[in-house]
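What follows is a single structure, written as structure tokens, with notes after it.
Side chains included, hydrogens not; waters and symmetry mates left out as well; all remaining heavy atoms used. In the text below, chain A, chain B and the rest are named by the order of the sequence lines, each starting its count at 1.
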Amino acid sequence: MARPFDVKAVEAKWQDRWANDGTYEVDNDDPRERFFALCMYPYPSGAAHQGHVRNYTFGDLVVRYQTMRGKAVLSPIGFDSFGLPAENAAIKAGSHPRSFTEARMKELGSSLRRLGAVYDLRREVFSHDPEYMKWSQTIFLAFWKAGLAYRAEAPVNWCPGCATVLANEQVHADGTCDRSGDLVERRNLEQWFFRITDYAEELLHDVDPLEWPERVKTMQRNWIGRSEGVEFELALAHDPAAGLRVFTTRPDTGFGVTYAVIAPEHPMLGELTTDEERENVSELVARATSASELERTASSDDGAGLEKRGAFTGSFVVNPFTNARVPVYVADYVLGTYGTGAIMAVPGEDERDFAFATVHGLPVVRTTQPPADFEGGAYSGDGAHINSGFLDGLDVPAAKAKAAEFLAEHAKGVTKVNYRLRDWLVSRQRFWGCPIPIVYCDTHGMVAVPEDQLPVVAPDDVTMDQSGQSPLATHEEFRNTTCPVCGEPARREADTMDTFTDSSWYYLRFADPFTPGQAFDPVEAAKWMPVDQYIGGIEHAILHLLYARFYLKALVDIGMAPGLPREPFKRLFTQGMIRIDGTKMSKSKGNQIAPENYYETVGADGLRLFHLFAGPPADDVDWTDQTDEIIDGCARFIDRFYRLGQCEGVRFHDTFDDSDLAVRQALHRTIAKVTDGFERWGYNTSVAALMELLNTVSRWARSEEGAHRGTLDEAVDTMLKMLAPMAPHVTAELWDVRHPGEPSVHIQTWPVADPELVKQESVTMIVQMNGKVRARLEVDPDIDEEQAQSLALSDPAVVEALSGAAPTRVVARPPRLVNIIL
RNA sequence: GCGGGCGUGGCGGAAUUGGCAGACGCGCUGGUUUUAGGUACCAGUUCUAAGGAGUGUGGGUUCGAGUCCCUCCGCCCGCACCA
């Protein structure tokens, strides 16, 4: 493809200028209205791929557009530079994760520059920078001192592939690791946790007003998983003074409780197990506790495994509603970590209980009347209560309230809210992360590393393997230290922090990396926060976004961020992913189409335009055989525009005529369309509108009659401004050619449509007969109903079709249409 | 199973509040320029012979439905023993 300008040279030239001119460096006291635009900072995996191109093109467009709207736009970038891939790669290559990571940061950084993305590089942060680590550790210690970080033994997720424990959020439902895909094991280990559950309620409520994609909000809500119910006691049959506490969201179904179930981990299991049943029970417990999540869940799909997964304990409890003795089972479908670890089982209204009861021959009592056509086993819908004594006839909500009252009086019942969300496990047995700044002293226990000794930085000469022991644990020099309190020998914590801790506060550092001696100055950071537009991938819908929300709330509460909003990201946009052959285009799958392939031919501008034009930004993009042709089409558009901007083949006329007016109207209507597209993430329609306008203007300027110079200049210069955020290089170049010595197109003011020109002085009104178009009339847009009707009825085509007959009804919707009903 | 979203030409996709379906682009067809190919430029391109039909299926509301309501079918995403 022959281009009318030297793409490579032009793009390099402007990239150099932007790196040096400071246009996109903003100070915290900038007097302009502020706008914080942020793309999720990338993990440095090497040169940018198409997913990066798409992400950072959107981000750059927002930055340049808002700048042209007169705002001081904070556009920072950095690197999520701690992480497992670098450590694993370093083990393989026998190098150090730092050198590996820093080389890739360099690559990715120049890749983004090559894309034409502009940032305030003075604010750059990366997780493994000791200056950043210092504050990551300061925050950890502040959480600890505030009781938000604690150390506890718990059954945790251990990934053999990653050789570390994982957070719940990093384990899939099928029990595999989010990163490596290995089957995760359960181990009882002492680990560090953040008390994110303290914020469950607030994290749930504060989702509502956020301008985020609905599905992300739904995912957050589901993850937190609030449920309201009653916790009460089932008295033990053999010892009525004692009881088994259970949690239920359906107290109204109490009359249908025909057995109870406790989790294999339940502390009362031993006490409830009779000698006759002891063998069965211990067999089940052994299997349940050693089984992986996968094995434990796999059998739930069919009823087959259920028999083996539960055992009778030999004990009975009393149903407080019926006073009947019901058996207590132990089964692994009840989780030890949720609610009280024990349930009342209602097979008539709960599917899992129904399946279990069926296999074990336990009675089923229905307590809610299902609809006549109901055919399933358990019925969980609404309906009148039956077989339920004093609850009979009530619907579910009313029965719930009454049953709760009853339980409060007779079974030590209390209403209770439970959450699915668990505390965040933050310690990792790996090297390439931020060390946890704690020292263990025989006398003083856990002691914080004093502020003046931060950051704790890991030594370089560490043997990294995947033994499962923290690499730092075997480094005696690092490990052995003295107690900050008594000076006696002590040992350092050897675990590092989950890398999600790094990305949980980086936006604050971006807002103010300048104030010495602080992670950020709250007053300075408050000038930018919250982030006005956050952009990233849907894969972070739960983990990163939930953690970052928690961090900010916690920082405000413990006094590190007074005056800051409690939510970090006001608006979130999640872009679609790039797919090829139906799967995600990714480095690990080796199916990438490198952006570099395009830089020499269509340029960064051409590729950017493609990503903007390909479809709605939120949708996935399929990379197909057709894609290269579409990309060529985008470059062709740039070239056609460039030629027009050089007045190639243009004829001129001297006086302003009707054709000029028509072009100006088209131009101003396009301004409105493009701006609308920018405001509602409809960049594909913005590009389409500009293409359409180019067609109109080119045809006009090259016609026999020609163009008026002033009109053409207005059209081209305005189009240059609108195209500038999308294709920044070629627009900068052409603007410079047309306006040598003047300020760049990128600091011009975004065009505003003239309402007079946007307004149509005549519109096409369609005349329908029985809903079918019979005539088109040019009418005044302000035409009233009566005028529209009489115009339509006097149209020759209509008169002929009517042939004297009177219409039944005439619907006039001026100025768009008149529908004549016969 | 539960929750969310989506079905429009050969393809990617456009369509304020219900009011000319298919903007824009790709591809394809024809033409101009060119020794030729490519580039560039111009014209055409939902189906149908006409009349008409047409936005996954069937129904409904309405003068009028891609758009609103219900049924079914298909696809995508998330969650999935959370009591």
Worksheet item: What about the rings of A:Phe356 and A:Tyr259, do their centers lie closer together than 6.0 Å?
Response: yes

Practice prompt. Compute the ring centroids of A:Phe613 and A:Tyr683, then answer whether they are less than 6.0 Å apart.
Written response: no

Worksheet entry | Which residue lies more 5' along RNA chain B, comparing A:Ile343 with A:Met577 via nearest heavy atoms | A:Met577

Item to complete: For B:G51 versus B:G59, give the span between their C1' atoms, rounded off to a whole number of Å.
Response: 27 Å

Worksheet item: Which value, in whole Å, describes the distance between the P atoms of nucleotides B:U46 and B:G9?
Response: 13 Å

Worksheet item: What do you reckon, is CD of A:Glu351 surrounded by more than 12 foreign heavy atoms closer than 6.0 Å?
Response: no

Discussion item. Closer than 3.5 angstrom, by distance alone: can the side chain of A:Lys673 be matched with the main-chain N or O of A:Thr685 as a donor-acceptor pair?
Written reply: no

Worksheet item: What is the distance from atom CD of A:Gln220 to atom CG of A:Leu543, rounded to the nearest 0.5 Å?
Response: 9.5 Å

Worksheet item: In whole Å, what separates the P atom of B:U48 from that of B:G54?
Response: 16 Å

Discussion item. B:C42, OP1 or OP2 - any side-chain N/O from A:Arg699 closer than 4.0 Å?
Written reply: no

Worksheet item: Taking everything shown except A:Arg245 itself, do over 12 heavy atoms lie less than 6.0 Å from its CZ?
Response: yes

Worksheet item: Taking atom C1' in both B:C20 and B:A65, what distance in whole Å separates the two?
Response: 15 Å

Check the interface with nucleotides 17-21 of chain B: list each N/O to N/O pair with the protein under 3.5 Å, or write none.
unit_1	atom_1	unit_2	atom_2	d
B:U17	O4	A:Arg816	NH1	2.8
B:G19	O2'	A:Arg816	NE	3.3
B:G19	O6	A:Arg813	NE	3.1
B:G19	N2	A:Gln768	OE1	3.4
B:C20	O2	A:Arg776	NE	3.1
B:C20	O2	A:Arg776	NH2	2.9

Discussion item. Looking at A:Glu786, I'd like to know if its CD atom is crowded, meaning that more than 12 non-hydrogen atoms belonging to other residues, nucleotides or ligands lie closer than 6.0 Å.
Written reply: no

Discussion item. Syn or anti for B:G74? Use the chi torsion, O4'-C1'-N9-C4 for purines and O4'-C1'-N1-C2 for pyrimidines, with syn inside 90° of 0.
Written reply: anti

Nucleotides 24-30 of chain B: which of its N/O atoms have a protein N/O under 3.5 Å away?
unit_1	atom_1	unit_2	atom_2	d
B:G25	OP1	A:Asn695	ND2	3.2
B:C26	OP1	A:Arg636	NH1	2.4
B:C26	O2	A:Gln626	NE2	3.0

Item to complete: Check for a donor-acceptor pair, side chain of A:Asp620 on one end and backbone N or O of A:Ile578 on the other, with a separation under 3.5 Å.
Response: no

Could you list the donor-acceptor pairs under 3.5 angstrom formed between side-chain atoms of residues 805-814 of chain A and any protein atom two or more places apart in sequence or on another chain?
unit_1	atom_1	unit_2	atom_2	d
A:Thr808	OG1	A:Ile821	O	3.4
A:Thr808	OG1	A:Leu822	O	3.4

Discussion item. Using a 3.5 Å distance criterion without hydrogens, assess whether the side chain of A:Asp382 forms a donor-acceptor pair with backbone atoms of A:Val396.
Written reply: yes

Practice prompt. Can you tell me, in whole Å, how much space there is between the P of B:U61 and that of B:C70?
Written response: 15 Å

Fill in: Atom P, compared across B:G60 and B:C11: separation rounded to whole Å
30 Å

Discussion item. Set out, in order, the CA-CA distance, both residues' side-chain angles and the distance that settles side-chain hydrogen bond (donor to acceptor under 3.5 Å, both in side chains) for A:His544 and A:Glu539, then state yes or no.
Written reply: CA-CA 9 Å; A:His544 162 60; A:Glu539 65 273 19; over 6 Å; no

Worksheet item: For RNA chain B, what residues of residues 675-685 of chain A have any heavy atom nearer than 4.0 Å?
Response: A:Arg680, A:Asn684, A:Thr685

Where do N or O atoms of nucleotides 2-5 of chain B meet protein N or O atoms at under 3.5 Å, pair by pair?
none

Worksheet item: Can you check side-chain hydrogen bond (donor to acceptor under 3.5 Å, both in side chains) on A:Thr367 and A:Glu349, steps first, answer last?
Response: CA-CA 8 Å; A:Thr367 61; A:Glu349 275 79 31; 3.0 Å; yes

Item to complete: Determine the Euclidean distance between corresponding P atoms of B:G38 and B:G78; express it in Å to zero decimal places.
Response: 45 Å

Worksheet item: Should the pair A:Arg579 and A:Trp623 be classed as cation-pi, given the thresholds of under 6.0 Å to the six-membered ring centre and 45° from the axis?
Response: no

Worksheet item: Which pair of heavy atoms, one from A:Ile262 and one from A:Ala342, lies closest together, and at what distance?
Response: CG2-CB, 3.6 Å

Discussion item. Counting Watson-Crick and G-U wobble pairs with both distances under 3.5 Å, what is the dot-bracket string for RNA chain B, 5' to 3', using [ ] for crossing pairs and | for pairs to another strand?
Written reply: (((((((..(((......[....)))((((((.......))))))((....))..(.(((..]....))).))))))))....

Practice prompt. Decide yes or no on side-chain hydrogen bond (donor to acceptor under 3.5 Å, both in side chains) for A:Ser227 and A:Asn418, but give the supporting numbers first.
Written response: CA-CA 5 Å; A:Ser227 64; A:Asn418 269 317; 5.6 Å; no

Worksheet entry | Pairwise distance NE2(A:His266) to OG1(A:Thr313) - rounded to 0.5 angstrom | 11.5 Å

Worksheet entry | Toward the 5' end of RNA chain B, by each residue's nearest nucleotide, A:Arg643 or A:Arg422 | A:Arg643

Discussion item. Please give the distance between the P atoms of B:G64 and B:A53 as a whole number of Å.
Written reply: 14 Å

